[in-house]
Amino acid sequence: MKKLNKNIEVLETLKSKMTLIIFIVLAMISTLCFLHPDIFITTRHSYYLYSHGNFYQNTMNVIVTANGNVTAVYELPLYLIFAVWNFPLYIISKILGHDAFGFYTSDLSKSIFIFKLLWAKILVIIFLFSTSKYIQKISLELGFSLEKAKKTAFIFLISIFTFFPVFIFSQYDIIPLFFIMAGIYHYIRKDKKKFFIYFAIAITLKTYAIFIFLPLLLLIEKKIFKILVNFLLVLSPLIFLKLFLIHDKFYHLSQIAFTNEMLRRLLAATLMGSHGSISIFIMIMFFICLFSYLKYPENDELKIFSIYIPLLVYMSFFSLILYHPQWLVILAPFLCITLAINNTTINRILEVILSVSYLIVSFIIFKVVFSVEIINSYFLPKIYRNHGSQKFQNINEIIQKVYKNEPVLLTLALTLFVSSCIGFLVLNFPKKNWSIKDIEKTEITEKDNLIRLSIPVVLVMLLLFCYYYSG
């Protein structure tokens, strides 16, 4: 009888930890099976910080893809982080007296060369779990119990908006996101100095942090002069970097095309005005900033608006700009914390619609990202290669077998994505006199998380099916 009771206890424990077990297995499979070449390009560029000469000029002469050379397009701090992380491999290569890890080669035929990609991916995963730790700390500041704060961090880890960018794509937007969440944590604690420092770092890595920094600043500062001084203070590291490289023609050459492309994406959604186009996103940002400036948060309101304002900004951002699917990791923390605050049935339904519509849009627009290409140059072919002819090169080809009218499907998915964003923002607008006492009214269940995790599970299965199914 005692043995039976013990077995029942073990089964109950396994049942309660089912989502965690599935997540660990899925994360390990994805870490070893999938990797987009983007991180390879950035990692390769970072090696040239060890070399003599002009960094941006050196990267212009590097052949890193089948399409030719891809120059370094980011500011130096991002490459510096990768260079510091890769330094142990560089030292080992120096000791051995040759390019042991293939620092300066595009050849990925050797397993040891592939190891450098796994090493780079580990850096991204470290930043992921460090970010989740800040999400837990923010949740505690909001008034969550320790158990619920941990569950909130776990929601972030299993969300498709986090899982795909980090474990599958291996995108490094999680690095600036770590500094953003650290800044938000200190913002809630009313530590202005650290709030400014962390956002200053985040902005030098990826400038989209500016979009939430300004309204958050306006929420706590009402004197125009101080707003300008503080804003310029936080921008000063980026301005310094620009001035430091002002006479570097190679830096400017690398930035021109990239900056123009980002502006094109940012200003994609417009209204026709009397003399030209009006950017919808910039107009929405104006009104968000106006609201923040006119709003005087009372009691606990600052805490909830520190989550809602970034949620509003980034949901507007991804509803209106030409985004890449991996960028949505910057939305994930604010979406997940809001879900934990108000874990209602309608919110969970909207999250599923948001997740599925996001994937469908991505499958159609970014075919290569969701294709066998993210498997071909990594570990899986070394372990078990598909020697046959692959029937499906990407997930979109599977969809085409089921429903061939791609334009209609894209329109429907985009409409559902934007509608879900609007619905979520309306339903979760902080009510007047919001209090941290409202936090524990909704519980996060194992069933909710299993449904949430099922979306990454299906995505991984579809990618592996594309690779191994010969038809």
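Just so it is clear, the model here is predicted, and its values are computed rather than measured.
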Show me the donor-acceptor pairs, under 3.5 Å and distance only, between side chains in residues 157-165 and residues at least two apart or in other chains.
from	atom 1	to	atom 2	distance (Å)
S159	OG	F161	N	3.2
T162	OG1	F156	O	2.8

Closer than 4.0 angstrom, basic N to acidic O: yes or no for E75 and K242?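 Result for this pair is yes, salt bridge flagged.
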
Parallel, tilted or perpendicular: rings of F127 and F179 (30°, 60°):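 Ring orientation of F179 relative to F127: tilted.
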
On the 0 to 90° scale, with breaks at 30° and 60°, tag the F417-Y358 ring pair as parallel, tilted or perpendicular.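 F417 and Y358: tilted rings.
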
Do the ring centers of [X] and [Y] come within less than 6.0 Å of each other?
{"X": "F199", "Y": "F195", "answer": "yes"}
{"X": "Y79", "Y": "F55", "answer": "yes"}
{"X": "Y308", "Y": "F429", "answer": "yes"}
{"X": "F317", "Y": "Y208", "answer": "no"}

So T59 and S254, do their side chains get closer than 4.5 Å, heavy atoms only?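 No. Closest side-chain heavy atoms not under 4.5 Å.
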
Backbone N or O of [Y] within a donor-acceptor pair of the [X] side chain at under 3.5 Å?
{"X": "W119", "Y": "I114", "value": "no"}
{"X": "Y56", "Y": "L245", "value": "no"}
{"X": "K295", "Y": "L219", "value": "no"}

Pairs involving residues 200-218, ordered by first then second residue, that meet salt bridge (Lys or Arg N to Asp or Glu O under 4.0 Å) (sequence neighbours left out):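 Pairs touching residues 200-218 that pass the test: D173-K206.
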
Passes salt bridge (Lys or Arg N to Asp or Glu O under 4.0 Å), K151 versus E147? Steps please. CA-CA 6 Å; K151 287 182 178 180; E147 183 185 0; 3.6 Å; yes

For H186, give me all partners under ring pair (Phe, Tyr, Trp, His ring centres under 6.0 Å), at least two apart in sequence or on another chain.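 H186: ring pair (Phe, Tyr, Trp, His ring centres under 6.0 Å) contacts with Y198.
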
Residue list, ring pair (Phe, Tyr, Trp, His ring centres under 6.0 Å) with F318, at least two apart or on another chain: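 Ring pair (Phe, Tyr, Trp, His ring centres under 6.0 Å) check on F318 returns Y323.
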
Partners of D38 by side chain to side chain donor-acceptor pair (under 3.5 Å), sequence neighbours excluded?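 D38 satisfies side chain to side chain donor-acceptor pair (under 3.5 Å) with Q171, Y172 once adjacent residues are dropped.
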
Not counting sequence neighbours, which residues clear side chain to side chain donor-acceptor pair (under 3.5 Å) with H36? List them please.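 Scan of H36 (side chain to side chain donor-acceptor pair (under 3.5 Å), adjacent residues dropped) gives none.
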
Step by step, work out the ring pair (Phe, Tyr, Trp, His ring centres under 6.0 Å) result for Y134 and F178. CA-CA 8 Å; Y134 264 111; F178 164 77; 5.6 Å; yes

So, taking the atom named CD in E373 and the one named CG in L463, what distance separates them when rounded to the nearest 0.5 Å?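 It is 12.0 Å, given to the nearest 0.5 Å.
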
Is the charged tip of K223 near the ring of F225: under 6.0 Å from the six-membered ring centre and within 45° of its axis?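 No, K223 does not lie over the aromatic ring of F225.
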
